[in-house]
Amino acid sequence: RQTRWREKTFAIADTLRDTLFSTCGFDSIYYVMHVEKESCEHALCTDGILLFREDFGGNNPSDPKISTTPVSGMSYTQVTTDVLGSMGAGKYLVTKQGYCNGNGTSQWHLQDDHTHFGDLTRGYFMEIDGRAGSDAFYRTTIDHLCEGIELTFSAYVANVMTWGMYVGRPGMYAYPRLKFVLTDPTSNTELATYDTGDIPFDSTFIGDNMCWQQSVEWRLVGMNFIVPVGVESVQLSIYNNVSNSNGNDFAIDDIEVHL
């Protein structure tokens with residue numbers, strides 16, 4: 001049974017903070033009091049202390065529509081324009097609004113950012129044209145962990161292809177499917193894996209031929225994980241887990257690790 005303590009935080013003096021958190025490496029001005037227990041069985045516990053977040057930036061309205069800054073840990077090729085034809089298998093775009101892949105009736109939805117959904121002036125997300133094969137397109141490492149603590153690794157994902165591409169051409173286009181892999185970066189030992197399964201298209205738009213002008217539903221995916229004995233760092237790798245580059249087009253945002 002997986003459980004999570006609901007945390008209440010209280011500010012404390014720097015000296016006491018250093019004493020309490022030097023072992024686990026938490027750089028915080030807060031003393032975490034575990035005062036109320038709540039169950040997280042069979043659920044992602046995303047309301048705990050945030051240790052890591054990748055929201056891709058762009059949270060200021062003055063930031064450009066498309067980021068030109070490469071995402072750390074990416075193996076795919078960055079595209080910095082949304083001109084038709086610029087995307088292709090193995091490429092990614094960091095943007096405030098999704099890529100329009102098609103003329104008139106797009107193959108892709110004009111997706112919105114998850115962090116600031118509905119506000120096209122703020123928030124980047126990453127849009128990916130997946131290539132064939134199972135390869136890691138994103139990696140990050142979380143350090144200064146203590147054995148026995150329970151972490152939640154999560155992200156929001158969306159299948160950005162329109163319903164007509166799947167319904168009109170059955171079996172031609174692959175659904176996105178991702179795999180989270182946790183490893184010990186010191187020994188390269190695999191610690192845990194999680195498979196999202198096929199990420200479906202947003203069926204609420206079926207029959208709407210202009211649905212590409214709207215954003216689709218973001219889906220929360222991820223896993224809970226207990227840090228094993230002797231492990232102080234965990235590397236998160238996210239794999240494109242599809243053997244077909246036809247279809248396999250998705251967006252990802254707010255990759256997070258919670259304690």
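The chain is numbered in sequence order, starting from 1. Hydrogens, waters and symmetry mates are skipped; everything else that's a heavy atom, side chains included, is used.
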* Asked: Is the centre of the Trp163 ring less than 6.0 Å from the centre of the Phe205 ring?
  -> no
Do [X] and [Y] share a hydrophobic cluster, counting only Ile, Leu, Val, Met, Phe, Trp and Tyr and linking them when any side-chain heavy atoms are less than 4.5 Å apart?
{"X": "Val242", "Y": "Met165", "result": "no"}
{"X": "Ile206", "Y": "Val216", "result": "yes"}
{"X": "Phe180", "Y": "Leu50", "result": "no"}

* Give the intermediate values and the outcome of side chain to side chain contact (heavy atoms under 4.5 Å, CB included) for residues Met74 and Met126. => CA-CA 11 Å; Met74 284 294 296; Met126 184 161 61; 3.6 Å; yes
With a 4.5 Å cut-off on side-chain heavy atoms, are [Y] and [X] touching?
{"X": "Tyr92", "Y": "Gln78", "value": "yes"}
{"X": "Val231", "Y": "Glu147", "value": "no"}
{"X": "Val227", "Y": "Leu151", "value": "yes"}
{"X": "Phe125", "Y": "Val94", "value": "no"}
{"X": "Glu54", "Y": "Thr140", "value": "no"}
{"X": "Tyr173", "Y": "Asn246", "value": "yes"}
{"X": "Gln111", "Y": "Thr95", "value": "no"}
{"X": "Thr141", "Y": "Leu236", "value": "no"}

* So Phe137 and Phe250, ring pair (Phe, Tyr, Trp, His ring centres under 6.0 Å) or not? Walk me through it. -> CA-CA 13 Å; Phe137 62 86; Phe250 59 96; 5.6 Å; yes
* Asked: What side-chain hydrogen bond (donor to acceptor under 3.5 Å, both in side chains) pairs are there with at least one residue in residues 116-125, not counting sequence neighbours?
  -> Asn59-His116, His116-Arg122, Asp119-Thr121, Asp119-Arg122
* Only pairs at least two apart or in different chains count here, so list each side-chain hydrogen bond (donor to acceptor under 3.5 Å, both in side chains) that has a residue in residues 189-205. => Arg177-Asp195, Ser187-Thr189, Asp195-Asn241, Asp202-Thr204
* Over 60° means perpendicular and under 30° means parallel, so classify the ring planes of Tyr166 and Phe201, tilted if in between. => parallel
* Plane angle bin for Tyr138 and Phe56 - parallel if under 30°, tilted between 30 and 60°, otherwise perpendicular -> perpendicular
Is a donor on one side and an acceptor on the other found under 3.5 Å between the side chain of [X] and the backbone of [Y]?
{"X": "Ser75", "Y": "Ala136", "answer": "yes"}
{"X": "Trp218", "Y": "Asp112", "answer": "yes"}
{"X": "Asn240", "Y": "Arg131", "answer": "yes"}

Of the non-hydrogen atoms in [X] and [Y], which two are nearest, and what is the gap between them?
{"X": "Tyr99", "Y": "Gly85", "result": "OH-N, 2.7 Å"}
{"X": "Gly48", "Y": "His258", "result": "O-CD2, 3.2 Å"}
{"X": "Glu127", "Y": "Val160", "result": "OE2-CG1, 3.6 Å"}
{"X": "Ser233", "Y": "Pro185", "result": "O-CD, 3.3 Å"}
{"X": "Arg219", "Y": "Pro200", "result": "NH2-CG, 3.4 Å"}
{"X": "Thr152", "Y": "Cys45", "result": "OG1-O, 3.2 Å"}

* Asked: Is it true that the side chains of Ser237 and Arg139 contain a donor and an acceptor less than 3.5 Å apart?
  -> yes
* To do: State whether a side-chain donor-acceptor pair under 3.5 Å links Asp249 with Trp108.
  => yes
* **Candidate pair Glu232 and Thr186, rule side chain to side chain contact (heavy atoms under 4.5 Å, CB included), full reasoning** => CA-CA 9 Å; Glu232 297 180 351; Thr186 301; over 6 Å; no
Could you measure the distance from the [atom1] atom of [X] to the [atom2] atom of [Y]? Nearest 0.5 Å is fine.
{"X": "Asn224", "Y": "Thr46", "atom1": "CG", "atom2": "OG1", "answer": "9.5 Å"}
{"X": "Thr115", "Y": "Asp254", "atom1": "OG1", "atom2": "CG", "answer": "3.5 Å"}
{"X": "Leu220", "Y": "Glu256", "atom1": "CG", "atom2": "CD", "answer": "8.5 Å"}
{"X": "Phe225", "Y": "Leu182", "atom1": "CZ", "atom2": "CG", "answer": "5.5 Å"}
{"X": "Asn188", "Y": "Gln235", "atom1": "CG", "atom2": "CD", "answer": "7.5 Å"}
{"X": "Lys65", "Y": "Leu120", "atom1": "NZ", "atom2": "CG", "answer": "8.5 Å"}

* Full working for side chain to side chain contact (heavy atoms under 4.5 Å, CB included) between Phe153 and Val234 -> CA-CA 11 Å; Phe153 293 78; Val234 172; 4.0 Å; yes
* Gln214, CD: over 12 other non-hydrogen atoms inside 6.0 angstrom -> yes
* Would you sort out whether Ile238 and Ile252 count as a side chain to side chain contact (heavy atoms under 4.5 Å, CB included), showing the intermediate values? => CA-CA 11 Å; Ile238 304 179; Ile252 189 167; 4.1 Å; yes
* Considering only Ile, Leu, Val, Met, Phe, Trp and Tyr, and joining two whenever side-chain heavy atoms are under 4.5 Å apart, list the other residues clustered with Tyr239. => Val181
